[in-house]
Peer 1: 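Supplied in structure tokens, the structure appears directly below.
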Amino acid sequence: MTKAPPFIRKFANHLTLSLLDAAGEDQREWALAMAAEIDAIDSHWHALSFALGCWQVIWRMDGRPARWARFGLATLICSWAGAKAYLVWITVPMAGPSTNTDLPNWIPLWAGVAGVSYVLTGLCLLRRRFSGVATGLCFALMLNAVAYLCILRDTAIASPWLLALIGEDYVIWTMILGGLAGISAIAPRRGAQQ
Amino acid sequence: MPRRSNISPQTRKVIARLFEDPGIWWHGYDLCRVLELKSGTLYPILMRLKKQGMLEAAWQDPSKPGRPPRQVYQLSAEGRTLAAAQKAEMTDPIIPTPEGSPT
């Protein structure tokens, strides 16, 4: 009985298959070549690293069918950044000593910084600077995670709408990652139509 | 002063390595390991070189049954000419070599 491949290898194989789907007609041969190399790599982690690099190559080359998806994702990111900026605008007056809210002053500032980070992430996505996208998302997520943990420690300042807003970041991040992964399934059909 | 070609350092590495053993066909993964380049860096270079006619590619029968055929690469005649010129450029005493490059 053959042993089931570990998760890392399964993920690398999945990336390989999606690579073949995502490649346009003029990249097909190169995609097949890259997929064959991934199959020949014995180390699972090396195979995953190789597959991620190959995906980056196809993504950069086949920009035309995925352009509308990048614009959509960038719009989503910037819309969320706008919502965060609005949070700063509406909560800063509320954080003064004359209000009843226990919201600390630094929460809106952090939300604003996270919002700026999202805008920069959206710009990186438009420019296909994927390392910038990863960095921006991780940075914004880290800011929100820290704020969330601080609020959890001091439940007196926990606001249901604030917790929901910070929690939404995780949903947005999952949607973005899912969207990026889903482009491999939709991009070839758009390319064929064009 | 002769103008130095504007090939990237990574491309120079690939060309130089393929030129060291001109008769040998290389797999993509082996080139990545030997040159310590990521696949995301190497394959655009290979694509560009092939498009320019500097690189030849061929499909090799799989070593094990059930495995897909792998593509192998070597420099074309034009690529070998470029590599020789590049090597001469690097060792030309008139043209200053960039810092950190092998002499």
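Chain letters run A, B, ... following the sequence lines, proteins first, then strands; residues in each count from 1. Any value given below was found using the heavy atoms of this structure, including those in side chains, with hydrogens, waters and symmetry copies removed.
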Peer 1: Does any backbone or side-chain atom of B/K50 lie under 4.5 Å from a heavy atom of chain A? Answer side chain, backbone, both or neither.
Peer 2: side chain
Peer 1: If you draw a 6.0 Å radius around CD in B/E20, do more than 12 non-hydrogen atoms from other residues or ligands fall strictly inside?
Peer 2: yes
Peer 1: Taking atom types as modelled, is there a side-chain donor on A/E37 or B/Q71 under 3.5 Å from an acceptor on the other?
Peer 2: no
Peer 1: Locate the shortest heavy-atom distance separating B/S39 from A/S49; write the atom from each residue and the value.
Peer 2: OG-O, 4.1 Å
Peer 1: Using the rule that Ile, Leu, Val, Met, Phe, Trp and Tyr join whenever any side-chain heavy atoms are under 4.5 Å apart, tell me whether B/L35 and B/W25 fall into a single cluster.
Peer 2: no
Peer 1: Do the side chains of A/M34 and B/Y29 get nearer than 4.5 Å, heavy atoms only?
Peer 2: no
Peer 1: Going only through I, L, V, M, F, W and Y residues with side-chain contacts under 4.5 Å, is there a path from A/L15 to A/I8?
Peer 2: yes
Peer 1: Would B/V34 end up clustered with B/I45 when hydrophobic side chains under 4.5 Å apart are linked, directly or stepwise?
Peer 2: yes
Peer 1: Kindly give the heavy-atom pair with the smallest separation between B/G40 and A/V57, and that separation in Å.
Peer 2: CA-CG2, 3.6 Å
Peer 1: Under 4.5 Å between side-chain heavy atoms, hopping through other hydrophobics if needed: is there a path connecting A/W55 to B/L37?
Peer 2: yes
Peer 1: Is there a path of hydrophobic side-chain contacts, each under 4.5 Å between heavy atoms, that joins B/L31 and B/V72?
Peer 2: no
Peer 1: Heavy-atom cut-off 4.5 Å, strictly under: side chain, backbone, both or neither for A/I38 against chain B?
Peer 2: neither
Peer 1: Check whether more than 12 heavy atoms from other residues, nucleotides or ligands sit under 6.0 Å from atom NE2 of A/H46, and answer yes or no.
Peer 2: no
Peer 1: Heavy-atom cut-off 4.5 Å, strictly under: side chain, backbone, both or neither for B/P69 against chain A?
Peer 2: backbone
Peer 1: More than 12 heavy atoms of other residues, nucleotides or ligands under 6.0 Å from CZ of A/F11: yes or no?
Peer 2: no
Peer 1: For a quick test of reading the model, state the closest non-hydrogen atom pair linking A/F50 to B/C32 and the distance between them.
Peer 2: CE1-SG, 3.7 Å
Peer 1: If every non-hydrogen atom of A/A40 is compared with every non-hydrogen atom of B/R67, which pair is closest and at what distance?
Peer 2: CA-NH1, 3.9 Å
Peer 1: Please report the interatomic distance CZ(B/R33) to CD1(A/I41), rounded to the nearest 0.5 Å.
Peer 2: 9.5 Å
Peer 1: Picking from B/L46, B/D30, B/L42, B/T41, which has the most non-hydrogen pairs under 4.5 angstrom with chain A?
Peer 2: B/L46
Peer 1: When the ring centroid of B/Y73 is compared with that of A/W30, is the distance short of 6.0 Å?
Peer 2: yes
